[in-house]
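Structure first, commentary second.
Computed from a prediction, not measured in an experiment: that's the story for all the values here. Below, chains carry the letters A, B, ... as their sequence lines are ordered, and counting in each starts from 1.
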Protein chains: 2
Amino acid sequence: MVKRTRFNDSDCPVARSIDAIGDWWSLLIVRDAFDGSRRFGEFQRGLGVAKNILAARLRTLVDGGILDVVPASDGSAYNEYVLTPKGRDLFNVIVALRQWGEAHFFAPDEPHSEMVDRRHGHPLRALEVRSTDGRRLNAGDTVVNKVGHPGRGT
Amino acid sequence: MVKRTRFNDSDCPVARSIDAIGDWWSLLIVRDAFDGSRRFGEFQRGLGVAKNILAARLRTLVDGGILDVVPASDGSAYNEYVLTPKGRDLFNVIVALRQWGEAHFFAPDEPHSEMVDRRHGHPLRALEVRSTDGRRLNAGDTVVNKVGHPGRGT
DNA sequence: TTCGATCGGTTGCATCTTGCTACCAGCCGA
DNA sequence: TCGGCTGGTAGCAAGATGCAACCGATCGAA
C-alpha cells in the first residue's frame, strides 16, 4: 500500500503533521498514552472505540514512529504501546487543544478533566507564542512564507 | 439535527476541541484563514478540496462559532469567511502542529512554508509548557485529574 | 445591454472509510 | 484442563468522501 497523502500542500508542516497523525482517534490515543495508558485494553476502555479501529490506529501510529511496541512491563506475554520521543513531542499539541477546549467549551464552574502541575497540583500557564527575542506574538504579528515566495510578499 | 458527539469522554477538553473542529480539513481551513484566505474560492484553490466538502466544512465552522460570514471587503456582492475570536484562539494549536511537523518531517535543508515574526522575519521560538510559577514542564511533570478523581490518584 | 467568464455553491453517484457484531486464537490463574 | 480475559480479525451495513456535472447570481468588458 503506497502512502497516500491526503492534502495537496505537503510543503506545509501543519499538513504533514495532520497527515502523520492520521485521524482524531489517533490523537486521543496519544492523549491517553500521555495519561498513562499502555495496553490495548486500556485504550479501548478509555476511548470506547471499536477494536478494529483501535488496532488499525495503533498500527499506523507505530508505523509512523509515534508509538513503540514493547514487551509488557508486568511480565505477562502481552505487548504495551509507549510513546516514542517523537510521540512525546506532541505534548504541546495536546496542551494547546486542551487549553482551547477549556476556554471555549466549559461553563466556568463545569467540571472537566484537568491537567495540572504534578508538583503543586496547579493548572498550567496558558501557552504563549513568542518571537526569538521574547516578545509575545499573536496571529497578526506573524506571516507565513510559502516556499518559493520568500520575504514579505508585497 | 441533534449534535452528535463522536467521543465518549466529553468531559475532556481535548475531546471537545476535536469534536468542535470536526475534521482535519476544517483545521486546514483555519490555517489558511490565518494566512489570509477569506473567500470560498481562495480556500478551494489553497486546499484543493472538493467544493461540496468545503461548503459543508465552512458551514460547520460558522455554526461552531469559529468562522463568521461577513460581506466582502472589496465591495462585491459575495461573502467572506473570517475568524472569530474563538477561531483566532486556535493559533496555539496551529503553531504547535507546525512546530511538530517542522521538527519531524523535514530534512534540515528541505524547503517548507515557514511562519515568521512579521517584524524581523525570524522563525518563532518553540512553544513551552510552563507551570503557573514559570517552571518548564514536560509530559512527565504533569498529571491529569479525571472528573470525580481529584488528587494525585495513587 | 449583452455576453462570456467567474464565483459560490448544490446534486447525484461511485467509492472509501467507519463502526458494530461476531468470532477466535493465545494466555493465565486455579 | 477449564473457564475467563486479552488482543485481536472478518464480514457487513451505514455513513462520509470525492468527483463531475450542473446552475443561478455576479462581474467585467465591449
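- Checked by distance alone, A:Tyr78 brings a side-chain donor or acceptor within 3.5 Å of a matching partner on the base of C:dG26.
- Atoms CZ (B:Arg39) and C1' (D:dA25) sit 13 Å apart, rounded to a whole Å.
- Whole-Å rounding puts the A:Phe40 CZ to C:dA25 C1' distance at 14 Å.
- Not one N or O on the side chain of A:Gln44 forms a donor-acceptor pair closer than 3.5 Å with the backbone of A:Ala50.
- Spacing between atom CD of B:Gln44 and atom P of C:dT6 amounts to 14 Å, rounded to whole angstrom units.
- As judged by a 4.0 angstrom heavy-atom cut-off over every strand, B:Tyr81 is placed among residues touching the sugar-phosphate backbone only.
- Between the CG atom of A:Asn79 and the C1' atom of C:dC27 there is a distance of 13 Å, given to the nearest Å.
- Contacts with DNA chain D (heavy atom under 4.0 Å) in residues 51-59 of chain B: B:Asn52, B:Ile53, B:Arg57, listed by number.
- Straight-line distance from the CH2 atom of A:Trp24 to the C1' atom of D:dA16: 17 Å, rounded to whole Å.
- Relative to the side chain of A:Ala77, the nucleotides D:dG8, C:dC28, D:dT6 differ in distance, and C:dC28 lies closest.
- B:Glu80 places its CD atom 13 Å from the C1' atom of C:dC7, with the value rounded to the nearest Å.
- The backbone N or O of B:Lys86 sits less than 3.5 Å from a side-chain atom of A:Trp100, completing a donor-acceptor pair.
- A cation-pi arrangement, defined by a distance under 6.0 Å to the six-membered ring centre and an angle within 45 degrees of its axis, is present between A:Arg16 and B:Phe106.
- In this structure, A:Asp23 places its CG atom 14 Å from C1' of C:dC16, rounding to the nearest Å.
- With hydrogens and angles left out, the side-chain atoms of B:Thr60 and B:Asp63 include no donor and acceptor closer than 3.5 Å.
- Side-chain atoms of A:Asp32 do not come within 3.5 Å of backbone N or O of A:Ile29 as any donor-acceptor pair.
- Regarding A:Arg45, its CZ atom lies at a distance of 10 Å from the C1' atom of D:dC5, rounded to whole Å.
- Salt bridge annotation for B:Arg39-B:Asp74: present, with a cationic side-chain nitrogen under 4.0 angstrom from a carboxylate oxygen.
- Within the 3.5 Å criterion, the main-chain N or O of B:Met115 finds no donor-acceptor partner in the side chain of A:Thr142.
- Dashed line: the shortest gap from a side-chain N or O of B:Trp25 to OP1 or OP2 of D:dT17 is not under 4.0 Å.
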